[in-house]
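Structure first, commentary second.
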Amino acid sequence: MGGMKYTQLGRTGLKVSRLVLGTMNFGPQTDEADSHAIMDAALDAGINFFDTANVYGWGENKGRTESIIGTWFAKGEGRRDKVVLATKVYGNMGADGPAWPNHDKLSALNIRRAVDASLKRLQTDYIDVYQFHHIDRDTPFEEIWQAIDVLVQQGKILYVGSSNFPGYKIAQANESAARRGGTIGLVSEQCLYNLAERRAEMEVIPAAQDYGLGVIPWSPLHGGLLGGVLKKEAQGGRRTSGRAADALADPATRAQIQSYEDLLDKHGIEPGEAALAWLLTRPGVTGPIVGPRTAEQLASAVRAAELELSEELLTGLDEIFPGPGPSPEAFAW
């Protein structure tokens with residue numbers, strides 16, 4: 001199991017690795033054989049927490065990622081038993097275009113349909129952490145929790161998490177669960193959080209900490225922006241695209257990233273590894289999601305989990321990427 005560290009997921013008794021294997025690239029970027037090899041390597045490294053979603057695979061291939069995980073589980077040798085499996089519900093699973101009524105979101109009907117479809121693709125009879133991919137403004141939490149209680153009683157799911165929830169929705173969800181009694185409520189929140197995007201510190205993370213949710217940051221490198229993009233650009237490496245390219249178009253951001261890369265150069269640490277290690281020092285964080293396309297990217301993330309960042313370096317990172325500050329002081333006066 002290497003030197004992997006484990007922690008409890010939020011207020012639960014569930015033990016998870018401090019790195020979470022994100023599978024979004026399995027299918028669209030990484031073929032089935034390579035995806036299986038990456039999952040085997042993750043287990044070898046001691047990573048036991050795997051995150052996916054019913055819509056991964058995208059377009060007409062929605063569900064493809066879950067299916068790739070399912071064929072991997074089917075190889076046996078204790079694979080399913082070693083994994084804490086997290087998937088998500090919300091997105092429209094039909095062909096692109098408007099959803100047929102009740103084929104998306106969080107109605108009791110869609111939750112029931114979506115969980116059965118995910119179990120089939122994943123070739124398993126239970127999901128450890130079932131996550132709401134987004135808030136559903138039309139469905140009351142009473143309905144959602146009733147649907148979840150049934151699934152827990154049926155043994156199809158064990159825990160429930162949220163993703164992309166604002167702080168007040170985490171509070172609403174768990175207050176409504178408490179009123180029902182006997183309902184576990186949310187135990188994790190998966191949010192966009194990294195050095196370059198620290199708004200979650202204002203409301204989401206304090207809410208998660210107060211209600212006992214583990215925080216699972218997605219996009220820990222902000223779409224590659226924190227992974228040494230300028231250095232790679234200078235060396236004629238992989239072209240920057242998506243979120244990172246948009247950010248670099250702004251001269252102030254480019255200067256900020258340059259200072260960041262210079263600082264890490266001085267400390268002799270790879271930028272991407274420092275960005276992951278920084279998240280592991282943050283209060284409330286269970287572990288960041290790493291979504292490797294290759295075995296080498298996975299190995300780099302595992303190295304990051306073992307990095308100790310000096311106080312001097314942490315202070316330097318804070319100066320380059322200041323957070324919003326404590327809540328409500330950050331905006332109240």
Side-chain angles (χ1 to χ4, degrees), residues 9 20-24 26-28 49-74 80 83-165 169-170 172-174 176-177 180 183-191 213 216 218 289:
L9 180 62
V20 185
L21 182 72
T23 59
M24 197 167 75
F26 298 173
F49 199 4
F50 289 19
D51 176 71
T52 192
N54 59 355
V55 287
Y56 291 171
W58 311 109
E60 48 269 27
N61 295 314
K62 285 171 191 166
R64 174 90 182 106
T65 304
E66 283 187 336
S67 299
I68 288 174
I69 297 169
T71 55
W72 181 74
F73 283 149
R80 176 66 189 96
V83 169
V84 173
L85 173 65
T87 190
K88 307 185 194 80
V89 55
Y90 179 86
N92 169 20
M93 289 301 288
D96 278 351
W100 183 255
N102 308 308
H103 273 64
D104 63 355
K105 307 209 173 148
L106 303 179
S107 68
L109 175 54
N110 189 53
I111 287 175
R112 173 189 172 140
R113 183 196 333 271
V115 83
D116 285 342
S118 280
L119 289 170
K120 205 167 166 181
R121 285 188 294 266
L122 289 161
Q123 299 194 43
T124 185
D125 51 9
Y126 71 102
I127 290 158
D128 297 279
V129 186
Y130 201 45
Q131 303 163 107
F132 308 129
H133 213 155
H134 195 286
I135 60 169
D136 179 354
R137 295 178 172 92
D138 298 323
T139 307
F141 278 115
E142 288 68 21
E143 174 180 347
I144 293 172
W145 290 129
Q146 186 173 331
I148 292 299
D149 286 347
V150 170
L151 294 179
V152 171
Q153 282 152 17
Q154 289 174 337
K156 290 177 180 178
I157 65 172
L158 291 168
Y159 302 94
V160 191
S162 55
S163 183
N164 309 310
F165 270 35
K169 281 288 175 190
I170 290 172
Q172 268 183 4
N174 278 15
S176 124
R180 282 180 62 81
T183 292
I184 189 161
L186 301 173
V187 304
S188 60
E189 159 59 20
Q190 187 177 135
C191 58
L213 279 67
I216 307 165
W218 62 263
I289 296 179

Step by step, would you call R113 with H103 a side chain to side chain contact (heavy atoms under 4.5 Å, CB included)? CA-CA 8 Å; R113 183 196 333 271; H103 273 64; 3.6 Å; yes
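- Pairing each heavy atom of N92 with each of P98, the nearest pair is ND2-C, 4.0 Å.
- Contact detail for I216 and L9: the closest heavy-atom pair is CD1-CD1, 4.3 Å.
- Here the OG1-CG distance, from T23 to D51, works out to 6.0 Å after rounding to the nearest 0.5 Å.
- Q154 CD: more than 12 foreign heavy atoms inside a 6.0 Å radius.
- Residues H133 and A53 come closest through the heavy atom pair CE1-CB, 3.7 Å.
- Note that CG of N174 is 10.0 Å distant from OG1 of T183, once rounded to the nearest 0.5 Å.
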Checking side chain to side chain contact (heavy atoms under 4.5 Å, CB included) for the pair Y126/R80: CA distance, chi angles, key distance, verdict? CA-CA 10 Å; Y126 71 102; R80 176 66 189 96; 3.1 Å; yes
Determine whether M93 and V55 satisfy the following criterion, side chain to side chain contact (heavy atoms under 4.5 Å, CB included), listing intermediate values before the conclusion. CA-CA 6 Å; M93 289 301 288; V55 287; 3.7 Å; yes
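- The nearest pair of heavy atoms linking L186 to A173 is CD1-CB, 3.6 Å.
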Is there a side chain to side chain contact (heavy atoms under 4.5 Å, CB included) between M24 and T65 once you walk through the steps? CA-CA 7 Å; M24 197 167 75; T65 304; over 6 Å; no
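- How far CG of L106 is from CZ of R137: 11.5 Å, rounded to the nearest 0.5 Å.
- Of the inter-residue distances, the one linking I111 atom CD1 with T139 atom OG1 reads 7.5 Å to the nearest 0.5 angstrom.
- At least one side-chain heavy atom of F141 sits less than 4.5 Å from a side-chain heavy atom of K169.
- Exactly one of I157, V84, V83 qualifies for a side chain to side chain contact (heavy atoms under 4.5 Å, CB included) with D128. That residue is V84.
- Between R112 and V150, every side-chain heavy-atom pair lies at or beyond the 4.5 Å cut-off.
- Ring to ring, F26 and W72 are not that close: their centroids are 6.0 angstrom or more apart.
- For the pairing with Q190, the side chain to side chain contact (heavy atoms under 4.5 Å, CB included) check across I289, L213, V20, N164 returns one residue only, I289.
- To the nearest 0.5 Å, atoms CH2 (W218) and CD (E189) are separated by 10.5 Å.
- Here the side chains of K156 and D116 are in contact, with some heavy-atom distance below 4.5 Å.
- When only modelled atom types and interatomic distance are considered, K88 and Y56 share a side-chain donor-acceptor pair under 3.5 Å.
- For the pairing with E66, the side chain to side chain donor-acceptor pair (under 3.5 Å) check across T124, N54, T87 returns one residue only, T87.
- Taking the salt bridge (Lys or Arg N to Asp or Glu O under 4.0 Å) definition, one finds that D104 meets it with nothing, sequence neighbours left out.
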